[in-house]
Amino acid sequence: MRARNDHYGLLAGKIPRRPFLLNGAEGFVYRGTSRGGHRFMLVDVATGVKRPAFDQALLAAVLNGSSHNSCNADHLRLEGGR
């Protein structure tokens, strides 16, 4: 069951979640909302440039091919940290 806050969060765009630092603190990754889904973005600390952290569609396709679960690229559940 999805929490009510999750439902409203998916309706709003570009809301960042808690970021996590990469090793060496050269950048960080955060999950933000985008078009009713999630996008994982990588930010270079030195330049401030943002780009996709990885190919979400490819990861979802690999997960779909290796598991019995259906993964959607816009709704990947990944958590950072240790």
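- Atoms CG and CD, from Leu63 and Gln56 in turn, are 11.5 Å apart once rounded to the nearest 0.5 Å.
- Pairs engaging residues 61-76 under the salt bridge (charged side-chain N to carboxylate O under 4.0 Å, His left out) rule: Arg39-Asp74 [sequence neighbours left out].
- Sorted pairs that involve residues 55-71 and meet salt bridge (charged side-chain N to carboxylate O under 4.0 Å, His left out), not counting sequence neighbours, are lacking altogether.
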For residues 43-51, tabulate all N or O donor-acceptor pairs below 3.5 Å that involve a side-chain atom, not counting sequence neighbours.
unit_1 : atom_1 : unit_2 : atom_2 : d
Asp44  : OD1    : Ala46  : N      : 2.8
Asp44  : OD1    : Thr47  : N      : 3.2
Thr47  : OG1    : Val49  : N      : 3.2

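- In this structure, Leu21 is a member of the same hydrophobic cluster as Tyr30, with clusters built from ILVMFWY side-chain heavy atoms closer than 4.5 Å.
- Looking at every heavy atom in both residues, Phe40 comes nearest to Arg31 through CZ-CD, 3.5 Å.
- When all heavy atoms of Phe28 and Pro19 are compared, the pair lying nearest together is CD1-CB, 3.6 Å.
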